[in-house]
Participant: 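My questions will all concern the structure given below.
In each ligand, atom 1 is the first atom listed, and ligand 1 is the first ligand listed. It should be emphasised that the depicted structure is a prediction, and the values quoted were computed from it without experimental measurement. In this chain, numbering begins with 1 at the start of the sequence shown.
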Amino acid sequence: MLNLILFGPPGAGKGTQAQFLTQSFDLIHLSTGDLLRQEIKAETPLGKEAKQLIDKGELVPDQVVIEMIKNKFAANPDAKGFIFDGFPRTVAQAKALDNLLEENKTPIKAMLCLEVERQELIDRILFRGKTSGRSDDQDVWIIEKRISVYNKKTAPIKEYYEAQNKHFPIDGMGTVDEIASRLKNTVRSL
Ligand code: ADP
């Protein structure tokens, strides 16, 4: 199995690049953001609770996203591997993911970290907000809050994977194709 984490701040291009990687390496894409948006669309109790937090730029509780990932992992027993996108977002989530993968004897191979300048992130998210319909993409205050939550709670995970020699920084500036080749080359070299 080939298990990858696609990591980086909001607007780094994780969702876009995950699509290329899933195609190239025949993997299953697991995005907690997409899963939460499906719950919101279906107006489930979980979706309603999540929407309140997402619209403030805050994180959904660890236990909620960990359960989602466990369910999706168990639902795909024949997968050749997974790309985790938007998860883990806290050290507690990273530890829970390691435990889950350890139980299944299929560890994380690499954490691919897209590095993008702050202003570029804001510009990309605002541009996406014109068509995404995502309320959290339309307001600069919420976007800045998401970036600061990332810096405070999510970025420290880099050290967690660095300690396992699994952290691979990738230049996330440039065209979609350029970034896709950088990612593909890194995965091929693993
Ligand atoms: P982005 O990377 O652009 O912020 P996502 O689609 O990954 O977008 O996530 C949207 C929102 O969903 C986040 O701002 C957060 O509120 C919530 N969310 C997604 N994944 C997680 C997670 N692993 N832990 C906690 N909250 C999450």
Side-chain angles (χ1 to χ4, degrees), residues 3-19 21-22 28-42 44-73 82-101 108 111-158 160-161 170 172 176 179 183:
N3 295 320
L4 304 170
I5 296 171
L6 194 50
F7 193 80
K14 301 184 293 287
T16 306
Q17 296 297 339
Q19 290 178 16
L21 288 174
T22 40
I28 290 182
H29 178 204
L30 289 187
S31 154
T32 42
D34 287 351
L35 294 172
L36 290 167
R37 281 185 289 278
Q38 283 168 20
E39 297 282 338
I40 293 173
K41 206 168 163 209
T44 63
L46 192 159
K48 286 179 190 162
E49 192 194 322
K51 185 171 166 42
Q52 292 195 357
L53 294 162
I54 291 173
D55 282 350
K56 284 191 278 184
E58 285 167 16
L59 296 182
V60 169
D62 286 337
Q63 215 41 52
V64 171
V65 285
I66 291 167
E67 277 307 308
M68 283 181 153
I69 289 289
K70 279 188 182 168
N71 291 338
K72 287 287 166 187
F73 185 86
F82 293 89
I83 293 189
F84 298 95
D85 158 6
F87 180 91
R89 245 180 169 94
T90 61
V91 174
Q93 292 178 23
K95 287 184 179 164
L97 179 61
D98 266 356
N99 288 339
L100 172 69
L101 296 179
I108 287 293
M111 184 240 222
L112 307 163
C113 181
L114 291 170
E115 310 276 0
V116 178
E117 288 161 18
R118 182 189 167 86
Q119 190 54 48
E120 172 75 8
L121 296 172
I122 297 172
D123 293 346
R124 285 186 192 176
I125 296 174
L126 285 171
F127 183 74
R128 177 173 76 187
K130 290 183 191 170
T131 52
S132 68
R134 282 177 57 171
S135 43
D136 60 340
D137 279 353
Q138 325 240 342
D139 178 319
V140 177
W141 192 88
I142 299 172
I143 295 169
E144 285 182 342
K145 168 80 183 180
R146 282 157 63 196
I147 295 174
S148 85
V149 169
Y150 170 83
N151 288 332
K152 196 163 148 215
K153 296 190 173 164
T154 307
I157 304 180
K158 287 185 211 172
Y160 179 82
Y161 289 100
I170 309 279
V176 169
I179 301 162
L183 284 164

Participant: List the steps and the verdict of side chain to side chain contact (heavy atoms under 4.5 Å, CB included) for K56 and K145.
Facilitator: CA-CA 8 Å; K56 284 191 278 184; K145 168 80 183 180; over 6 Å; no
Participant: Looking only at protein heavy atoms, which one is nearest to atom 17 (C) of ligand 1, and how far off is it?
Facilitator: L36 CD1, 3.7 Å
Participant: Can you confirm whether T154 sits close enough to R146 that some side-chain heavy atom of one is under 4.5 Å from a side-chain heavy atom of the other?
Facilitator: no
Participant: Test your reading of the structure: does V60 have an N or O sitting under 3.5 Å from an N or O of ligand 1?
Facilitator: yes
Participant: Examine the proximity of ligand 1 to D85 and report which part, side chain or backbone, both or neither, has a heavy atom under 4.0 Å away.
Facilitator: neither
Participant: Checking a contact table here: which protein heavy atom is nearest atom 2 (O) of ligand 1, and how many Å away?
Facilitator: K14 NZ, 3.1 Å
Participant: Out of all atoms in ligand 1, which are within 4.0 Å of some heavy atom of G33? Include the element for each.
Facilitator: 5 (P), 6 (O), 9 (O), 19 (C), 20 (N)
Participant: Can you find a pair of side-chain heavy atoms, one from V65 and one from L36, that are under 4.5 Å apart?
Facilitator: yes
Participant: Distance under 4.0 Å to a non-hydrogen atom of E58: what atoms of ligand 1 satisfy this?
Facilitator: 15 (C), 16 (O)
Participant: Would you call D34 and R37 a salt bridge, using N to O less than 4.0 angstrom?
Facilitator: yes
Participant: My understanding is that we take every heavy atom of each candidate and find the minimum distance to atom 12 (O) of ligand 1. Doing that for L35, L97, I54, which one comes out nearest?
Facilitator: I54
Participant: If you measure every N/O of G86 against every N/O of ligand 1, is any gap under 3.5 Å?
Facilitator: yes
Participant: Should we count CD of E58 as having more than 12 external heavy atoms under 6.0 Å?
Facilitator: yes
Participant: For atom 10 (C) of ligand 1, what is the closest protein heavy atom, and at what distance to 0.1 Å?
Facilitator: R134 NH2, 3.6 Å
Participant: Just so I know, are the side chains of R118 and P9 near enough to count as touching, which here means a heavy-atom distance under 4.5 Å?
Facilitator: no
Participant: Which of these, Q52, R146, R89, has its nearest heavy atom closest to atom 5 (P) of ligand 1?
Facilitator: R89
Participant: Counting only heavy atoms, which portion of K153 has something under 4.0 Å from ligand 1: side chain, backbone, both, or neither?
Facilitator: neither
Participant: Consider side chain to side chain contact (heavy atoms under 4.5 Å, CB included). Of L46, L53, L59, which one does V64 pass it with?
Facilitator: L46
Participant: Check S31 against H29 and note the closest heavy-atom contact, atom names and distance.
Facilitator: CB-NE2, 3.7 Å
Participant: Can you name the atoms of ligand 1, numbered from 1 with element, that are less than 4.0 Å from a heavy atom of Q93?
Facilitator: 22 (C), 23 (N), 24 (N), 25 (C)
Participant: Please confirm whether D34 comes within less than 3.5 Å of ligand 1 when only nitrogen or oxygen atoms on both sides are compared.
Facilitator: no
Participant: Against ligand 1, does R128 come closer than 4.0 Å with any heavy atom?
Facilitator: yes
Participant: Suppose we measure from atom 20 (N) of ligand 1 to each protein heavy atom; which comes out shortest, and what is that distance?
Facilitator: T32 OG1, 2.8 Å
Participant: Looking at every heavy atom in both K158 and Y150, which two are closest together, and how far apart are they?
Facilitator: CE-OH, 3.8 Å
Participant: Do L100 and I66 come close enough that some side-chain heavy atom pair is under 4.5 Å?
Facilitator: no
Participant: Using a plain distance cutoff, I'd like to know if D136 has any nitrogen or oxygen under 3.5 Å from a nitrogen or oxygen of ligand 1.
Facilitator: no
